[in-house]
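Chain letters run A, B, ... following the sequence lines, proteins first, then strands; residues in each count from 1. Just the heavy atoms: all of them, side chains too, but no hydrogens, waters or symmetry mates, feed the values below.
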Amino acid sequence: MAGLYLSVATRAFRRYSTYTAATLAGMFTNCVFGIILCFVYQELWSLKPHAGGYDVKEAITYVWLGQAMIMTVLVWGGGPTNDLANRIRTGDVALDLYRPVPLIGWYAAQDLGRAAYHLLARGIGPTLLGALLFDIRWPGSLGAWLAFAVSLPLAVLVSFAIRFLVASTAFWLLDSSGPATVAWITAAFLSGLTVPLVLFPGWTRDVVLTLPWATFIQIPADIWLGQRSGWHAVEGLVLGAAWAGVLLLVCAFVLRRATAKVVVQGG
Amino acid sequence: MTSTSSADGSLIQVRDLHRTFTVRRKTSRFRGVRDEVVAVHDLTFSVEVGEMVGYIGPNGAGKSTTIKMLTGILVPTDGSLSVAGLDPSRQRTELARHLGVVFGQRTTLWWDLPLRDSFAVLQKIYRTSPERHRANLAEYVELLDLGDLLDTPVRQLSLGQRMRGDIVAALLHDPEILFLDEPTIGLDVISKGRLREFLRTLNAERRTTLMLTTHDLQDIEALCDRVIVIDHGTAVFDGPLADLHTQGGSTRTLVVDLVDEAPAISVPGAVTRRVEGPRQWLSFPADASAAPIVAAVAAAYDVADLSIQEPDIEDVIREIYQR
């Protein structure tokens with residue numbers, strides 16, 4: 001089974017890497033937005049130093065980490081789960097069900113392969129540019145690097161599970177674009193992409209930091225920046241693993257309901 | 001190849017199969033009623049190893065619903081079902097290893113990647129041994145003439161090429177049963193012919209059981225020894241193609257060109273359907289011999305030419321539906 005998933009993930013990686021022009025255009029966008037946000041954050045932190053417990057350098061670093069994670073965790077949605085939504089709408093999902101492979105594993109493997117590509121191309125590229133243009137902070141220890149590396153696949157899995165659930169609504173609604181819109185707006189806000197979650201006031205901050213979307217950007221970034229270290233970092237990883245586990249179980253449950261109750265479209 | 005089959009030896013065993021769908025119908029803006037729609041009703045048939053069965057019926061007759069139940073992605077409402085000795089909906093994953101499925105209008109191939117990649121993933125999916133996989137791939141690629149296309153991304157293939165790719169994909173794990181849903185839809189005459197030829201070879205050499213749904217009756221005539229006609233969810237005919245003609249009350253037509261114009265010919269065993277100048281059309285039952293009729297016509301009239309038109313299967317099936 002591991003061999004199969006690896007093989008599927010490799011193909012997904014290769015599939016996304018075939019569109020070089022799209023990748024370059026996307027990297028350019030990340031860089032432009034990154035630079036603009038850096039200027040905004042510099043201004044913001046000069047007015048209010050140590051906002052959210054970050055200094056300017058950490059805030060700037062956060063910008064580039066956010067840009068790196070947008071495509072890696074697909075804050076805006078999309079990826080293989082989009083294919084799934086389309087295949088449910090057209091009925092092609094029937095062919096996925098004919099294969100002796102669990103549907104969730106099949107799509108999750110594709111999404112991890114895709115995320116690996118997006119991390120390399122859309123993540124590392126802009127971050128290096130950010131490091132050239134601005135003064136950014138790097139992880140302070142091997143442990144921080146390792147914890148950051150573990151936080152990434154967890155973030156992708158949590159994001160995948162949410163997108164899988166959104167796509168599954170197509171089994172009932174046929175068109176999942178409504179739920180998808182709600183999902184990306186929620187994700188943009190609660191992942192810390194729009195505003196770092198550490199800037200949320202009072203108790204709302206504690207709440208948003210325990211929600212699944214916190215694992216997308218805020219937790220990996222805090223591990224990178226050393227804001228979360230030691231047990232605090234482990235706690236962040238456990239949160240990610242727990243959300244991934246719970247949400248994937250929900251996916252399995254929903255899929256079972258869907259295939260038992262719902263008509264697969266088309267003749 | 002090992003063959004699994006149910007207790008009585010049939011590869012596919014369908015008994016009193018039912019499937020109803022609940023459909024919500026809107027009666028006003030906020031209210032709706034639930035309607036029961038019967039898609040498959042009292043369906044019984046069995047298929048033996050190595051058969052090539054045509055499963056035909058008009059749109060909405062229940063063909064796809066049956067195929068979905070046979071492959072385990074739909075649960076029957078009632079009745080019993082066994083395919084390769086397994087219960088499809090309970091043992092879907094296990095059953096998948098025994099089945100190949102091809103949909104003319106759907107694809108299982110990776111759109112953005114070369115054919116080769118899709119085939120490589122399939123080897124992992126079905127855990128086919130590398131030797132077996134290589135041998136099958138080489139053979140099917142040769143037979144379906146895909147050698148030059150293995151490195152072409154699927155999105156650049158023509159419909160016919162993609163279709164052949166999908167068929168290879170369905171066969172790499174040596175399935176015992178191949179379900180084909182409209183496999184020749186949209187293909188040109190040459191591609192259709194080639195595909196039929198390939199399916200015949202497959203059945204002859206590997207004893208692969210084929211079950212084929214189609215609207216293209218030439219597919220049936222070219223491939224199937226047996227036809228199951230389904231209408232309103234139930235089998236209205238099940239038997240050899242030749243019997244379909246008898247059952248459907250199908251007729252052959254004797255076209256007679258007389259030397260001179262004459263009133264409608266009257267001979268025993270045939271009815272004159274049409275007269276047009278010196279040419280007349282006589283119809284007689286498809287299973288009757290043409291010889292006595294020809295002899296009777298020739299004895300009574302000055303005949304310039306004679307020809308016999310075979311019955312059209314489409315007419316026959318239309319006849320069956322209308323009963």
Side-chain angles (χ1 to χ4, degrees), chain A residues 1-20 22-23 79-80 82-83 86-107 109-110 113-114 117 171-174 255-267, chain B residues 19 21-23 37 39 57 59-65 67-68 71-75 88-89 91-103 105-114 116-118 120-127 153-155 166 169-170 173 175 179 181-182 213 215:
Chain A
M1 228 40 184
L4 164 65
Y5 288 138
L6 191 66
S7 156
V8 169
T10 320
R11 260 64 190 199
F13 184 98
R14 212 180 295 162
R15 173 189 163 193
Y16 281 89
S17 66
T18 47
Y19 301 103
T20 322
T23 301
N82 251 22
D83 305 340
N86 279 325
R87 289 176 75 81
I88 295 171
R89 187 174 50 76
T90 58
D92 285 3
V93 69
L95 284 172
D96 297 337
L97 294 170
Y98 286 137
R99 284 187 293 242
V101 184
L103 198 72
I104 297 177
W106 174 258
Y107 281 99
Q110 285 189 50
R114 173 209 60 75
Y117 173 72
F171 276 116
W172 289 272
L173 304 176
L174 291 192
L255 186 65
R256 259 181 73 163
R257 296 273 310 184
T259 46
K261 294 276 176 193
V262 174
V263 185
V264 172
Q265 298 299 315
Chain B
R19 171 73 209 203
F21 292 111
T22 316
V23 179
V37 176
N59 290 324
K63 297 188 298 281
S64 295
T65 305
I67 300 290
K68 282 171 187 163
T71 50
I73 62 170
L74 260 185
V75 187
S89 59
Q91 296 164 292
R92 176 168 60 81
T93 312
E94 206 184 325
L95 179 63
R97 299 184 187 283
H98 300 266
L99 302 181
V101 183
V102 176
F103 281 100
Q105 311 195 66
R106 310 189 190 288
T107 184
T108 185
L109 305 168
W110 292 50
W111 190 247
D112 315 82
L113 293 179
R116 194 185 288 286
D117 284 82
S118 290
V121 173
L122 285 163
Q123 189 241 319
K124 303 271 191 212
I125 291 180
Y126 291 98
R127 283 180 244 162
V154 171
R155 64 188 142 89
D166 264 307
H173 60 287
F179 288 107
D181 193 357
E182 305 256 8
T213 77
H215 286 289

Notebook entry, point to check: Of the backbone (N, CA, C, O) and the side chain (C-beta and beyond), which part of Tyr19(A) lies under 4.5 Å from a heavy atom of chain B, both, or neither?
Noted result: side chain
Next item on the list: Please state whether the side chain, the backbone, both or neither of Ser7(A) comes within less than 4.5 Å of a heavy atom of chain B.
Entry: both
Leading residue by heavy atom contact count with chain A [cutoff under 4.5 Å; candidates [options]]:
| options | value |
| --- | --- |
| Thr213(B), Ile67(B), Thr71(B) | Thr71(B) |
| Arg155(B), Lys63(B), Arg127(B) | Arg155(B) |
| Val75(B), Thr65(B), Val101(B) | Val101(B) |

Compare every heavy atom of [Y] with every heavy atom of [X], then report the nearest pair and how far apart it is.
| X | Y | result |
| --- | --- | --- |
| Trp106(A) | Ile125(B) | CZ3-CD1, 3.5 Å |
| Leu95(A) | Thr108(B) | CD1-N, 4.0 Å |
| Arg99(A) | Arg92(B) | O-NH1, 4.5 Å |
| Ala96(B) | Tyr98(A) | CB-O, 3.0 Å |

Item checked: Region of Ser118(B) that comes under 4.5 Å of a non-hydrogen atom in chain A -> neither
Check: Counting only N and O atoms by type, is there a donor-acceptor contact under 3.5 Å from the side chain of Arg14(A) to the main-chain atoms of Leu113(B)?
Finding: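 No; zero donor-acceptor contacts below 3.5 Å.
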Notebook entry, point to check: So, the side chain of Arg106(B) versus the backbone of Thr90(A): is there a donor-acceptor pair under 3.5 Å, distance only?
Noted result: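 Judged by distance alone, yes, a pair lies under 3.5 Å.
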Notebook entry, point to check: Does a side-chain heavy-atom distance below 4.5 Å link Asp117(B) with Arg15(A)?
Noted result: no
Checklist line | Sub-4.5 Å side-chain heavy-atom contact between Leu4(A) and Val121(B) | finding: yes
Notebook entry, point to check: To the nearest 0.5 Å, what is the distance between CH2 (Trp111(B)) and OG1 (Thr18(A))?
Noted result: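 If we round to the nearest 0.5 Å, Trp111(B):CH2 and Thr18(A):OG1 are 13.0 Å apart.
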Next item on the list: Identify the residue among Leu95(B), Thr93(B), Leu99(B) that makes a side chain to side chain contact (heavy atoms under 4.5 Å, CB included) with Pro100(A).
Entry: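 Answer after filtering Leu95(B), Thr93(B), Leu99(B): Thr93(B).
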